[in-house]
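Each residue takes its place number in the sequence, starting with 1. Bear in mind the structure is a predicted one, so any value in this text is a computation, not a measurement.
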Amino acid sequence: MAKNYGHLTETNEFYLYNRGKVFYGVEGLDAKNKEVYAIISENGKKISIYSKNKVIDQLKARQLVQQERNPKKITKLALGMYHNKPVWEVTYYNQNNKLCYDLLSLKDGHVMQSIQNI
C-alpha cells in the first residue's frame with residue numbers, strides 16, 4: 001500500500017501501532033528519492049505522508065524519551081495516529097521495571113499522552 005498509494009519507491013522500516021485503532025507505519029523513499037514516513041490506516045483508506053526532514057525521526061524520539069524518562073529499556077517504537085495527529089509510540093520499562101508508553105508528536109516531539117507504571 002505504501003508503494004502503490006503512498007508512492008514510495010523503497011521501504012526501509014515497518015511499524016505496527018495498535019492503540020484502539022491499528023495503523024501501519026513505513027519509512028522509505030518517495031519518487032523524488034526523499035526520505036518519508038507513511039502512516040496507513042488499517043483498512044488502507046487513509047495514507048498520510050510526512051517528509052522525514054520536517055518531523056522528528058525514530059532516533060530523536062528515542063533520545064527524547066531517554067532524556068526525559070531515563071528508562072531501563074526501550075522495547076518498541078511505532079508510528080501511528082492519535083486523535084488524528086501523527087505520533088511516535090515509545091514503549092519502555094522504567095527503573096522500577098514497570099511498563100510505560102509515551103506518545104510523542106511526530107511534528108515536534110512533545111508528549112501527547114503518557115501511561116506510566118502498568
Side-chain angles (χ1 to χ4, degrees):
M1 286 193 295
K3 286 184 176 182
N4 290 338
Y5 302 110
H7 307 292
L8 273 71
T9 58
E10 182 180 318
T11 59
N12 304 322
E13 287 284 337
F14 173 79
Y15 308 95
L16 176 62
Y17 173 95
N18 185 359
R19 178 76 61 104
K21 293 183 180 179
V22 174
F23 290 92
Y24 306 107
V26 179
E27 177 183 336
L29 299 174
D30 67 9
K32 295 179 182 175
N33 217 29
K34 295 195 184 215
E35 294 181 305
V36 296
Y37 290 118
I39 301 176
I40 306 160
S41 63
E42 182 177 29
N43 63 12
K45 291 185 178 183
K46 184 168 184 197
I47 298 176
S48 300
I49 306 292
Y50 301 92
S51 180
K52 193 172 173 183
N53 67 354
K54 294 183 179 178
V55 298
I56 67 165
D57 63 12
Q58 178 183 12
L59 178 61
K60 182 65 175 174
R62 180 181 290 275
Q63 289 172 338
L64 288 170
V65 169
Q66 195 72 46
Q67 290 169 358
E68 294 297 315
R69 304 292 189 197
N70 189 29
K72 188 173 265 188
K73 180 179 181 181
I74 295 175
T75 59
K76 180 182 169 190
L77 280 93
L79 279 171
M81 299 292 270
Y82 178 71
H83 295 298
N84 296 316
K85 296 190 185 317
V87 294
W88 280 109
E89 176 186 55
V90 184
T91 307
Y92 58 94
Y93 287 97
N94 65 17
Q95 294 297 320
N96 297 323
N97 286 320
K98 300 290 186 180
L99 185 62
C100 304
Y101 296 89
D102 282 357
L103 294 182
L104 306 180
S105 166
L106 182 67
K107 295 193 178 193
D108 62 14
H110 80 272
V111 177
M112 297 178 68
Q113 183 184 46
S114 182
I115 301 172
Q116 300 289 309
N117 299 311
I118 299 173

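Between Y17 and Y24 the shortest side-chain heavy-atom distance does not fall below 4.5 Å. Proximity of M112 to K85: side-chain heavy atoms (C-beta onward) are separated by under 4.5 Å at one or more points. Contact of the V87 side chain with the M81 side chain is not registered, since no non-hydrogen atoms from C-beta on lie closer than 4.5 Å. Counting only heavy atoms from C-beta outward, the side chains of I56 and D108 never approach each other to under 4.5 Å. For the pair L77/E89, no side-chain contact is recorded, criterion being any heavy-atom separation below 4.5 Å from C-beta on. You'll find the side chain of C100 stays beyond 4.5 Å of the side chain of R69, heavy atoms only. Side chains of R19 and I115 form a contact here, defined as non-hydrogen atoms less than 4.5 Å apart. Within the 4.5 Å cutoff, the side chain of F23 has heavy atoms near those of the S41 side chain.
In terms of heavy-atom proximity, V111 sits nearest to S114 at CG1-CB, 4.1 Å. The nearest pair of heavy atoms linking P86 to I39 is CB-CD1, 3.8 Å. Summarising the geometry of I49 relative to A38, their closest heavy-atom pair is CD1-CB, 3.5 Å, with the distance given to 0.1 Å.
When atom types are taken as modelled, the side chain of D30 and the backbone of K34 share a donor-acceptor pair closer than 3.5 angstrom. Counting only distance, with no hydrogens or angles, the side chain of E35 and the backbone of N53 share no donor-acceptor pair below 3.5 Å. When atom types are taken as modelled, the side chain of S51 and the backbone of V36 share no donor-acceptor pair closer than 3.5 angstrom. Distance alone, capped at 3.5 Å, is enough to place a donor-acceptor pair between the K76 side chain and the L16 backbone.
E68 CD: 12 or fewer foreign heavy atoms inside a 6.0 Å radius. At most 12 heavy atoms of other shown residues, nucleotides or ligands fall within 6.0 angstrom of atom NZ in K98.
Within the model, atoms CG of L64 and CZ of R62 stand 12.0 Å from one another, a figure rounded to the nearest 0.5 Å.
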Check against side-chain hydrogen bond (donor to acceptor under 3.5 Å, both in side chains), T11 and E13 | CA-CA 6 Å; T11 59; E13 287 284 337; over 6 Å; no
Kindly indicate, with the supporting measurements, whether the criterion side-chain contact (heavy atoms from CB on, under 4.5 Å) is fulfilled by I118 and Y101.
-> CA-CA 9 Å; I118 299 173; Y101 296 89; 3.3 Å; yes
Run the numbers on Q58 and Y15 for side-chain hydrogen bond (donor to acceptor under 3.5 Å, both in side chains), then give the verdict.
-> CA-CA 11 Å; Q58 178 183 12; Y15 308 95; 3.1 Å; yes
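Using a cutoff of 4.0 Å between basic side-chain nitrogens and carboxylate oxygens, E27 and K52 are scored as salt-bridged.
The six-membered or imidazole ring of W88 lies near that of Y37, with a centre-to-centre distance under 6.0 Å.
A donor and an acceptor atom, one from each side chain of N117 and N96, are nowhere located under 3.5 Å apart.
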